[in-house]
Amino acid sequence: MVALTLPDGQVRQYYAAVSGADVAADIGPGLAKAALAIRVNGDLWDLSRDLGDDADIAIVTAKDEDAVVLDLLRHDAAHVLAEAAKELYPDIQVTIGPAISDGFYYDFSRDEPFTPEDLEAMEARMHEIVDRNEEVTREVWDRDAAIELFKSMGEHYKAEIISEIPGDEPITLYRQGEFIDLCRGPHLPSTGKLGHAFKLTKLAGAYWRGDARNEMLQRVYGTAWRNEKELKAYLHRLEEAERRDHRRLGREMDLFHFQEEAAGMAFWHPKGWTLYRTVEAYMRRTLEAAGYVEVKTPQLVDRMLWEASGHWEKFRENMYTSESEERIFALKPMNCPCHVQIFNQGVKSYRELPLRMAEFGSCHRYEPSGSLHGLMRVRGFVQDDAHIFCTEDQINSETKQFCELLTGIYRDFGFEEVQARFSDRPEVRAGTDETWDKAEGALRNAVEEAGIDYTLNPGDGAFYGPKLDFELTDAIGRQWQCGTLQVDFVLPERLDAEYTGEDGARHRPVMLHRAILGSFERFIGILVEQYAGGFPLWLAPTQVAVTTITHDGDAFASEVAERLKVAGLRVVLDTSAEKINYKVRLHSHAKVPAIIAVGKREAEDGSVSIRRLGSKEQQSLALDEAVARLSDEARAPGT
RNA sequence: GCCCUCAUAGCUCAGGGGUAGAGCACCCCCUUGGUAAGGGGGAGGCCGAAAGUUCGAAUCUUUCUGAGGGCACCA
């Protein structure tokens, strides 16, 4: 006899073996129809599986927790895709096909590449398979028999996967129609349950087992949802992301461009550079207020220094080099060794610590061509870098201060949500356990006291010290890793940094490597996407457009523009012979936050009509009042 | 770096073995119109680069470069 306890506490007793489907049917025909899977003592099972023992159970339907249902659905979609692919191209090998966020993929091995037409054909076949409503059955196989089966089908990848499944795990195969696949499950009871709210989205290459030394497989990506409405919402989300794409907006708003001759390095246009300088000025001000000193170090440094710092050995492949006077120089990929050189000038006393040394350091790194991505991944960039030289005892307070500085800065840029990832000691590391204890404890305390949510990343610290990585969340929920704080015991040693302590003896300082924006390029890319180009007044490259309705307003418009400029605002004056409708449209497209229109009326009474970006409303104000309000709003944080 | 796709005017794109086309943007003229496109005219391209096939290549082939989507990488 089996006793099954439902979520509401009700206990059902069965004398014969029952499956989840049986129980659902027993409870009611509606549930039987809606049932997708069953939860058995917390684990998700197929409906067809026999429930052997007493258990707490819950029938899973489409109404259940999003993540669970969507995962089931997407995993099934991957199987249906594989079935479709096998039907259409019998010569291919299937490998793996998991559910991922927003969808699923399946990796295939095939000599001939898939074409976009193949993608359409596979999608069409998937819909057919759903309509066939094939029953999905679970089978437990003997390991060797399963390996033989897949080998006989020419599915060598599958055979390889089976042979690596731990011995104590059962080998389960799922059959739907003619298609049989190795899978942990669970699956929906039949292919019809998938429904039609899915779409194949893209073709891509992917290495077998994610290793670049292996064969490149062909990956087919798709998205799958419970219903058409959700699918549409998802596609809409993609459009929204595309609308915000900084590469597109960068061109449309005339902020920057890239070209072949300098792949991965931005050409900043006047408007983009204005934005850049605004961000830079803000950072300079904020860092100075936080007790940093700013420095500037050389771009091109002899390899001797990189050898001493250890970069030459570890990162040489990614460094640009140049030769002259029979010496090899490298464009700096980081600023830290140079900062230590400044620290090392003269004799440092403990009284000078913590020494917070900042640089807007222009760095170059050779990034693989395939990884370049607009401003987000570039080869030439400027870090908002700084190194804090301090004692071990100061790690705690410096970290805490840093966390506060960072959240304040993110907030000023409109990012409220910050998450941290805390990476502690790796297996192979420098420094004593005692020092690591101290450093880890300091970082963890600080991030907690700063009220930042954090997750643990055990063993992922740098060999020279633990670190905190900071992620901010943007307006459409995407996360970007920008800030970092790394404790370093090694570099001061390698480059022989020291200070005289209270005891008169020489000591090694600890170095905290830290950045908040990460790189200006990337951060500005994120800002563009965050605001979809519609910047708050203080950041907008052009803050006010002064437009005229008729030429009667030209003289007054010039006066208005001049007044605004004197008040420190970035203004364009548009006295062209276009109609006001056209001008409003033009400057709205340019995402100018404030459009002022002046005509005869305004010229006569010395007022202006202001229209804010995104609003259809106009506000009529006296010129003085308008200048005061706009310049007040345009004031950058900290000024 | 690897796989797939792409590269035609400033932008978005059409065309396609017989030396190029639209809309917007740009310039000029007319229009002075009260809040998201008034009208007319003009200028603008060696069709990403190189080689090959061909009587003839923007079009076909190959290589290269760059871009897009992934994978790998990301001190």
Side-chain angles (χ1 to χ4, degrees), chain A residues 105 107 110 112-116 118-119 201-221 242 245 247-248 251-252 254 257-264 306 309-319 332-337 363 365-374 376-379 381 383 462-464 467 481 484 486 488 490-491 513 518-519 522 545 547-554 575-590 595-602 609-620:
Chain A
Y105 68 77
D107 285 346
R110 184 194 190 211
E112 228 180 296
F114 286 130
T115 64
D118 291 330
L119 200 68
T201 50
K202 52 200 170 194
L203 289 166
Y207 298 109
W208 167 236
R209 306 216 141 147
D211 189 329
R213 288 166 302 190
N214 290 341
E215 186 202 347
M216 175 137 310
L217 305 171
Q218 295 187 63
R219 178 170 297 180
V220 178
Y221 279 97
E242 201 183 318
D245 191 314
R247 294 166 300 184
R248 174 215 200 83
R251 186 176 52 239
E252 287 175 1
D254 197 18
H257 84 269
F258 289 91
Q259 65 186 51
E260 304 196 7
E261 292 82 353
W306 305 113
S309 70
H311 289 92
W312 191 258
E313 189 195 351
K314 280 197 91 167
F315 305 111
R316 191 185 161 178
E317 299 301 302
N318 299 302
M319 290 164 70
K332 68 174 170 186
M334 307 181 77
N335 308 298
C336 16
C363 296
R365 295 178 186 175
Y366 170 75
E367 301 284 359
S369 55
S371 69
L372 301 179
H373 182 89
M376 301 304 187
R377 185 86 179 265
V378 285
R379 289 175 172 163
F381 56 96
Q383 291 180 315
F463 75 95
Y464 51 74
K467 63 176 180 177
Q481 202 239 296
T484 187
Q486 302 169 8
D488 185 354
V490 173
L491 200 61
H513 305 247
S519 91
R522 184 173 135 90
T547 65
T548 50
I549 290 161
T550 66
H551 285 312
D552 295 336
D554 284 5
T575 56
S576 63
E578 299 294 344
K579 290 177 79 165
I580 190 63
N581 291 304
Y582 182 88
K583 296 188 192 181
V584 165
R585 182 183 149 84
L586 182 74
H587 296 109
S588 296
H589 277 171
I595 299 173
I596 286 183
V598 304
K600 218 179 205 167
R601 271 197 325 248
E602 286 77 8
S609 156
I610 303 183
R611 177 187 168 125
R612 299 303 301 259
L613 184 63
S615 162
K616 290 195 196 303
E617 309 287 304
Q618 300 146 46
Q619 190 180 24
S620 186

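What you see is a predicted model, and the numbers here were worked out from it, not measured in a lab. In what follows, every chain begins at residue 1, and chains take the letters A, B, ... in the order their sequences are listed.
The CD atom of Gln259(A) sits 15 Å away from the P atom of rA49(B) (whole-angstrom rounding). Here the P atom of nucleotide rC73(B) and the CZ atom of Arg213(A) are 10 Å apart, to the nearest Å. What separates NE2 of His587(A) from P of rA36(B) is a distance of 14 Å, to the nearest Å. Between the CD atom of Gln618(A) and the C1' atom of rA36(B) there is a distance of 12 Å, given to the nearest Å. Glu578(A) places its CD atom 15 Å from the C1' atom of rG34(B), with the value rounded to the nearest Å.
Nucleotide rC2(B): paired with rG70(B) (Watson-Crick or G-U wobble, both distances less than 3.5 Å).
Between Asp211(A) and Arg213(A) there is a salt bridge, with a side-chain nitrogen of the basic residue lying less than 4.0 Å from a carboxylate oxygen of the acidic one. The pair Arg251(A)-Asp245(A) does not count as a salt bridge, with every side-chain nitrogen at least 4.0 angstrom from each carboxylate oxygen. The residues Arg377(A) and Glu367(A) are annotated as salt-bridged, a charged nitrogen and a carboxylate oxygen being separated by less than 4.0 angstrom.
For Asn581(A), a side-chain nitrogen or oxygen approaches OP1 or OP2 of rA36(B) to under 4.0 Å.
When the nearest nucleotides of RNA chain B are assigned to Arg585(A) and Ala206(A) by heavy-atom distance, the more 5′-ward of the two goes with Arg585(A). Mapping His311(A) and Glu260(A) onto RNA chain B by nearest heavy atom places Glu260(A) at the nucleotide closer to the 5' end.
Residue contacts for Ala204(A): at a heavy-atom cut-off of 4.0 Å it reaches a base atom on one of the strands shown. Residue contacts shown for Gly210(A) are limited to sugar-phosphate atoms, with no base heavy atom under 4.0 Å away.
In this structure, Thr548(A) contributes its side chain and Asp554(A) its backbone to no donor-acceptor pair below 3.5 Å.
Among the nucleotides rC73(B), rG34(B), rC2(B), the one closest to any side-chain atom of Ser609(A) is rG34(B).
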